[in-house]
Amino acid sequence: MEERKKISAAVIRRLPRYYRYLGELIESDVQRISSKELSAKMKVTASQIRQDLNNFGGFGQQGYGYNVKYLYDEIGKILGIDREHSMIIIGAGNLGQAIVNYADFAKRGFVIKGVFDNNPALEGKEVRGFKVQMMDQVADFIKENQIEIAALTIPKKVAREVGAVVVDAGVKAIWNFAHTDLNLPEDIIVENVHLSESLMQLSYTIANRAEGK
Ligand code: NAI
């Protein structure tokens, strides 16, 4: 990967999907696949697949196709999920608890280490074996456990303030569900999640299909 050129954001956005499909192929004991077969499975053109994967020096071989496990591992490395990322969840409400309850993030290397809230009524409440801790413990916890990512599932009016606290304590990245900009230093990585945008995309597709387009 040393001579890696700059990969466009559009390609990076497609990689998790490749990764997921390749993971399914591995589970079904498929060892190699052509870009044509992968294309039929993923409903992406074969030339798009070749172009995307050529960004990484092209893992395919003429007449052989792609070695599924190798490609899977390489994409995993590019996405940085070949190693563990420690994560805490801040806000143990509906969404925070749903994330904690979804055990499969750990399979992708995202390991939840703790759950925090500022509502004393939730202190000690167990969510999938995690006891909800209070916010006065969060800074020490981040330092002691070298937490890399904080997921913010809290109301937007407190998100900036809480974001600053976790960043001060050493968090490097924020998975932000609160619908607001966090205004953090530039070296802090922020991934904003908006499920409603995904739904709007869905509604657009429904509307276009209804019109027979
Ligand atoms: P909720 O009200 O069930 O949970 C919010 C939790 O945050 C509560 O337990 C509350 O005690 C805690 N909290 C409030 N202030 C805090 C602070 N200063 N420090 C620590 N914890 C604090 O709300 P829900 O439904 O779980 O939603 C959480 C957030 O996620 C909201 O901002 C909501 O708008 C957003 N959301 C975003 C979605 C997205 O796609 N981005 C989808 C669904 C919700």
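Here the structure is a predicted model, which means the values were calculated and not measured. Both counts, for ligands and for their atoms, begin at 1 and track the order of listing.
For atom 32 (O) of ligand 1, the closest heavy atom belonging to the protein is Ile154 O, 2.7 Å. Summary of contacts: the protein heavy atom closest to atom 37 (C) of ligand 1 is Phe177 O, 3.0 Å. With hydrogens left out, the protein atom closest to atom 38 (C) of ligand 1 is His179 NE2, 3.8 Å, a heavy atom. Nearest protein heavy-atom neighbour of atom 3 (O) of ligand 1: Asn94 N, 2.9 Å. Of the protein's heavy atoms, Met135 CG, 3.7 Å lies nearest to atom 19 (N) of ligand 1. The closest protein non-hydrogen atom to atom 4 (O) of ligand 1 is Gly93 CA, 3.2 Å.
Salt-bridge annotation for Asp104 and Arg108: absent, with no side-chain N of the basic residue lying under 4.0 Å from a carboxylate O of the acidic one. Under 4.0 Å is where a charged nitrogen must lie from a carboxylate oxygen, and between Lys172 and Glu148 no such pair does. Taking 4.0 Å as the cut-off between side-chain N and carboxylate O, Arg14 and Asp52 count as a salt-bridged pair.
In this structure, His179 and His194 have parallel ring planes: the angle between them is below the 30° cut-off, well short of the 60° mark. Classification of the Tyr72-Tyr19 ring pair by plane angle, with boundaries at 30° and 60°, yields parallel.
Close approach of ligand 1 to Val193 (heavy-atom distance below 4.0 Å) involves ligand atoms 39 (C), 40 (O), 41 (N). Close contacts between ligand 1 and Thr153 involve ligand atoms 5 (C), 6 (C), 7 (O), 28 (C), 29 (C) [criterion: under 4.0 Å to a heavy atom]. Near Leu122, meaning under 4.0 Å from one of its heavy atoms, ligand 1 places the atoms 9 (O). Counting the atoms of ligand 1 from 1 in the order shown, those under 4.0 Å from a heavy atom of Leu195 are 39 (C), 40 (O), 42 (C). Of all atoms in ligand 1, numbered sequentially from 1 with element shown, those under 4.0 Å from a heavy atom of His194 are 40 (O), 41 (N). Listed by atom number, the atoms of ligand 1 under 4.0 Å from Pro155 heavy atoms are 7 (O), 13 (N), 14 (C), 15 (N), 32 (O). For ligand 1, the atoms closer than 4.0 angstrom to any heavy atom of Asn119 are 11 (O). Close approach of ligand 1 to Lys156 (heavy-atom distance below 4.0 Å) involves ligand atoms 32 (O).
When the shell of 6.0 Å around CD of Gln31 is examined, it contains 12 or fewer heavy atoms from other residues, nucleotides or ligands. Gln146 CD: 12 or fewer foreign heavy atoms inside a 6.0 Å radius.
For the pair Asn67 and Leu71, the minimum side-chain heavy-atom distance is 4.5 Å or more. Using a 4.5 Å heavy-atom threshold, the side chains of Ile174 and Val167 count as touching. Looking at heavy atoms from C-beta onward, Trp175 lies out of side-chain contact with Phe110 at the 4.5 angstrom threshold.
Considering CD1 of Ile89 and CD1 of Ile99, their distance stands at 5.5 Å, rounded to 0.5 Å.
With atom 15 (N) of ligand 1 as the reference point, the heavy atom nearest to it among Val132, Asn118, Ile90 is part of Asn118. Evaluated by nearest non-hydrogen atom to atom 24 (P) of ligand 1, the leading choice among Val138, Leu95, Asn192, Ile89 is Leu95.
Put simply, the side chain of His85 gets close to the backbone of Gly80: a donor and an acceptor are under 3.5 Å apart.
Between Gly96 and ligand 1, no pair of N/O atoms sits closer than 3.5 Å. The shortest N/O to N/O separation between Val162 and ligand 1 does not fall below 3.5 Å. Between Asp117 and ligand 1, a contact under 3.5 Å exists for at least one N or O pair.
Glu37 and Ser34 are linked by a side-chain donor-acceptor pair at a separation below 3.5 angstrom, with hydrogens and angles left out of the test.
Looking at Val158 against ligand 1, only its side chain comes within 4.0 Å, counting heavy atoms.
Within 4.0 Å of atom 17 (C) of ligand 1, at least one protein heavy atom is present. At least one protein heavy atom sits closer than 4.0 Å to atom 34 (O) of ligand 1.
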